[in-house]
Amino acid sequence: MADQKVYLVTGGGTGIGAATVRQLAGAGHHVVASGRRPGPLEAVARETGALARPSDIGDPDAVGELVDATVSAYGRLDGLVLNAGVVRGGAVGDLTGEDWETVMRVNVTGPFRLLRAALPRLLETRGSVVAVASVAALRNGRGNAAYAASKAALVRLCGSLAVDYGPHGLRANSVCPSWVRSEMADRRMESFAEEHDLGGGGADAGYAEAARLLPAGRPAEPGEVAEAIVWLLSPAASFVNGAVLTVDSGVTALDPGSVPFDFRVEPRGLPVG
């Protein structure tokens, strides 16, 4: 296959990462799927033919080994998807130092170290990077200080790559999804539904409530975000560099001040007046 490329996807065992692996492998490319849990990675590998490579992006020694393993297997590296991430909820006054350090280590420092390790190979191939950020990088929600800060930093890290290495042929872009059905989001939605007694519907009830203000009225499926990632990696996006693509059904275009005209807005456990 003349246009066959080699891609490394972190957080590749579930959710957006697994959907990206499926689409890239389905297009005939070589894909290395990385993540902390061997089980999900191996399941995706059996399904797609990808190479499963368990690795913790937060481990300083692991990132170089991950790039070396990719190049050893396939001889090159054309694209990198920075999808691995963690969440620790809380406002600034509620977060512990350990919470903050964990989120920054996995969501920002790990990608930085991986980029440093992968950069020489990506420059050789005039490759592409896509960071999976979040609408939290662009808009603040309550109790989300560490995650929002980390995703905003990740977006700016990618922008720096575009500016510094675009003249050498490297492209680096970010996608910012809103709610996406995934294992991590399922757990949050189950907890949300239970906390607020949403009719015993579990995660589905949580998603339905959380997505009420999304213009699409539903969360995204992982494959819908993966489509955007795969496009940004591809030659079809050859003149797209340093972009921040919202994959959110338009929720960041919504004026919060207009919401009360369409919905009854009531606080959930917040002080009134």
Side-chain angles (χ1 to χ4, degrees), residues 1-12 16-34 48-51 63 66-67 70-71 73-84 111-112 114-135 137-138 151-178 180 220-250 252-253:
M1 181 178 173
D3 58 350
Q4 187 178 54
K5 296 186 182 300
V6 178
Y7 295 105
L8 170 59
V9 180
T10 69
I16 294 169
T20 303
V21 172
R22 291 186 186 100
Q23 291 190 22
L24 290 171
H29 300 297
H30 292 305
V31 186
V32 177
S34 172
T48 64
L51 174 63
V63 291
L66 183 55
V67 172
T70 301
V71 176
Y74 299 117
R76 57 187 289 149
L77 177 61
D78 297 279
L80 174 61
V81 179
L82 299 169
N83 175 66
F112 164 73
L114 182 54
L115 285 166
R116 277 179 55 88
L119 190 59
R121 297 297 187 173
L122 291 169
L123 291 175
E124 287 174 359
T125 58
R126 299 175 70 86
S128 180
V129 175
V130 177
V132 180
S134 167
V135 293
L138 311 174
K151 290 301 186 178
L154 183 61
V155 167
R156 294 277 58 88
L157 180 62
C158 249
S160 294
L161 281 175
V163 170
D164 292 333
Y165 298 101
H168 303 286
L170 180 70
R171 293 187 304 110
N173 298 288
S174 301
V175 295
C176 289
S178 55
V180 182
E221 296 296 331
E224 293 177 298
V225 183
E227 290 279 3
I229 294 169
V230 170
W231 177 73
L232 286 169
L233 289 170
S234 77
S238 59
F239 205 62
V240 181
N241 202 11
V244 182
L245 177 60
T246 54
V247 188
D248 65 354
S249 91
T252 50

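As the structure is a prediction and not an experimental result, all values here were calculated from the model. Heads up: numbering here begins at 1 and tracks the sequence.
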Please determine whether side-chain contact (heavy atoms from CB on, under 4.5 Å) holds for the pair Val132 and Ile229, giving the CA-CA distance in whole Å, both sets of side-chain angles, and the decisive distance to 0.1 Å. CA-CA 8 Å; Val132 180; Ile229 294 169; 3.7 Å; yes

Does the plane of the ring in His29 sit parallel, tilted or perpendicular to the ring in Tyr7? Use 30° and 60° as the thresholds. perpendicular

Would a distance-only check, ignoring hydrogens and angles, find a side-chain to backbone donor-acceptor pair under 3.5 Å from [X] to [Y]?
X	Y	answer
Arg76	Lys5	no
Gln23	Gly223	yes
Ser134	Cys176	no

Side chains of [X] and [Y] in contact at under 4.5 Å (non-hydrogen atoms):
X	Y	answer
Val130	Thr20	no
Leu24	Leu233	yes
Leu232	Ser128	no

Quick one, Leu115 with Leu157, criterion side-chain contact (heavy atoms from CB on, under 4.5 Å). Give me CA distance, side-chain angles, the key distance, then yes/no. CA-CA 10 Å; Leu115 285 166; Leu157 180 62; 3.9 Å; yes

Full working for side-chain contact (heavy atoms from CB on, under 4.5 Å) between Leu77 and Val32: CA-CA 10 Å; Leu77 177 61; Val32 177; over 6 Å; no

How far apart are the C-alpha atoms of Leu154 and Ser174, what are their side-chain angles, what is the distance that settles it, and do they pass the side-chain contact (heavy atoms from CB on, under 4.5 Å) test? CA-CA 8 Å; Leu154 183 61; Ser174 301; 5.8 Å; no

For Tyr165, is the OH atom crowded, meaning more than 12 foreign heavy atoms sit under 6.0 Å from it? no

